[in-house]
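Quick notes on the structure that follows.
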Amino acid sequence: MENKDKLQVRDLIIIGVFSALYFVFNMVGGMPFGMNPVLTFYQPMGSAFLSGIIFVFLIAKSPKKGTISILAIIMCILRLATGMHWAMAVGTLLTGIVAEFIAGSKNYKSKKMNMFSFGVFALGDIGTFLVYFIDPKSWSDAMIKKGTDITYIESMNAAAADWMIYVIIIGTFLVALISAWIGMKLLKKQFEKAGIV
């Protein structure tokens with residue numbers, strides 16, 4: 001007999017599909033900022049704005065323990081594969097574990113906790129910037145080795161200010177909450193059309 005609380009093959013397929021969508025939405029939202037060395041610090045906000053919708057849809061489709069953690073692991077792999085700084089991958093993994101606990105504490109059914117869960121999950125993107133502001137030289141050296149143009153790094157270093165890290169953290173969290181809220185509204189409309197609510 002199937003345990004409905006455990007991930008099934010169907011859930012893994014859903015997670016795979018939505019992880020791919022999450023990655024695309026995350027990249028599309030952050031790309032306009034990431035391409036500019038002055039605006040790159042705000043990339044996590046841009047990424048959070050679109051991907052929160054996918055996040056809440058994923059939880060609605062597969063409200064089970066492990067869903068968010070698997071999403072985090074897939075995102076880690078994709079970020080490392082696409083040449084992102086290791087701290088972004090580690091940040092995503094850590095916030096993914098915390099986000100899983102937050103949403104799971106209410107069995108993935110609480111709108112507020114699911115929104116809060118994404119707010120935390122989105123902060124994984126700032127891992128790279130935390131490392132940058134702690135040790136900009138080693139961060140810069142690591143990214144140059146990965147192929148980032150030195151003029152991009154120089155422009156980024158010139159634009160950096162200590163106060164930015166606080167704007168990045170608070171801004172990303174708030175934008176993530178807004179994105180998740182929009183996702184909840186779209187989800188409700190979908191359910192209404194289907195006659196579920």
Side-chain angles (χ1 to χ4, degrees), residues 1-30 44-80 84 87-127 130 168-197:
M1 187 175 177
E2 277 191 357
N3 187 337
K4 292 183 179 180
D5 294 327
K6 290 187 176 181
L7 293 171
Q8 307 297 327
V9 174
R10 176 182 173 276
D11 296 302
L12 296 176
I13 293 170
I14 289 170
I15 294 168
V17 171
F18 275 84
S19 293
L21 287 171
Y22 185 96
F23 181 71
V24 171
F25 276 60
N26 190 270
M27 290 288 286
V28 169
M45 295 183 210
S47 293
F49 183 67
L50 294 177
S51 48
I53 297 167
I54 303 300
F55 185 89
V56 296
F57 268 70
L58 171 59
I59 294 176
K61 295 284 187 181
S62 181
K64 298 179 181 180
K65 185 178 180 181
T67 294
I68 298 171
S69 297
I70 294 173
L71 169 65
I73 291 168
I74 292 172
M75 288 300 295
C76 283
I77 294 168
L78 290 172
R79 280 170 174 163
L80 290 172
M84 301 296 179
M88 184 177 282
V90 172
T92 298
L93 183 61
L94 295 176
T95 55
I97 293 168
V98 177
E100 182 87 65
F101 176 78
I102 292 169
S105 67
K106 296 294 183 182
N107 296 316
Y108 308 91
K109 301 297 183 184
S110 167
K111 291 181 180 179
K112 287 182 180 179
M113 293 304 278
N114 288 350
M115 286 173 61
F116 181 50
S117 175
F118 180 64
V120 171
F121 187 74
L123 293 178
D125 277 19
I126 71 169
L130 287 174
I168 294 168
I169 294 169
I170 296 168
T172 300
F173 184 72
L174 292 177
V175 170
L177 292 182
I178 292 169
S179 180
W181 179 80
I182 292 171
M184 293 291 182
K185 291 294 182 183
L186 292 174
L187 198 59
K188 185 181 177 184
K189 283 186 178 181
Q190 187 188 57
F191 283 159
E192 286 173 345
K193 284 181 181 179
I196 298 171
V197 293

Between T67 and P63, is there a donor-acceptor pair closer than 3.5 Å when you use the side chain of the first and the backbone of the second? no
With side chains defined as the heavy atoms from C-beta onward, is the minimum distance between I70 and L7 less than 4.5 Å? yes
Going from NZ on K112 to CH2 on W181, what distance comes out if it is rounded to the nearest 0.5 angstrom? 14.0 Å
Correct closest heavy-atom pair for M75 and Y22 would be SD-CD2, 3.5 Å
Taking atom OG of S179 and atom CD1 of I54, what is their separation to the nearest 0.5 Å? 8.5 Å
Between the main-chain N or O of G66 and the side-chain N or O of E100, is there a donor-acceptor pair closer than 3.5 Å? yes
Where do F57 and G183 come nearest, in terms of heavy atoms and distance? CE1-O, 3.6 Å
Taking all atoms of both residues into account, what is the closest heavy-atom pair of A48 and A122, and its distance? CB-CB, 4.0 Å
Crowding at CZ, F49 (>12 non-hydrogen neighbours, <6.0 Å): no
Hey, which of I169, I170, L177, V175 is the one that makes side chain to side chain contact (heavy atoms under 4.5 Å, CB included) with F173? L177
Plane angle bin for F118 and F55 - parallel if under 30°, tilted between 30 and 60°, otherwise perpendicular: tilted
Tightest non-hydrogen contact, residues I14 and S62, listed as CG2-CB, 4.4 Å
Do F25 and I53 have side-chain heavy atoms sitting under 4.5 Å apart? no
I need the I59 CD1 to L71 CG distance, nearest 0.5 Å. 9.0 Å
Interatomic distance, K111 atom NZ to K185 atom NZ [nearest 0.5 angstrom]: 7.0 Å
For S117 and M113, indicate whether the former's side chain and the latter's backbone hold a donor-acceptor pair under 3.5 Å. no
Which atoms form the tightest heavy-atom contact between K64 and D11, and what is the distance? NZ-OD2, 2.7 Å
Can you confirm whether Y108 is buried at OH, in the sense that more than 12 heavy atoms of other residues, nucleotides or ligands lie under 6.0 Å from that atom? yes
Test applied, side chain to side chain contact (heavy atoms under 4.5 Å, CB included); reference residue, D125; option that passes from T92, T172, T95: T92
For atom CZ of F116, decide whether the heavy atoms of other residues, nucleotides or ligands shown that lie under 6.0 angstrom number more than 12. no
Measure the CD1-CE distance between I126 and M45 for me, rounded to the nearest 0.5 Å. 9.5 Å
Separation of L94 CG from C76 SG (nearest 0.5 Å): 8.0 Å
Can you give me the closest heavy-atom contact between A103 and N114, atom names plus distance? CB-OD1, 3.5 Å
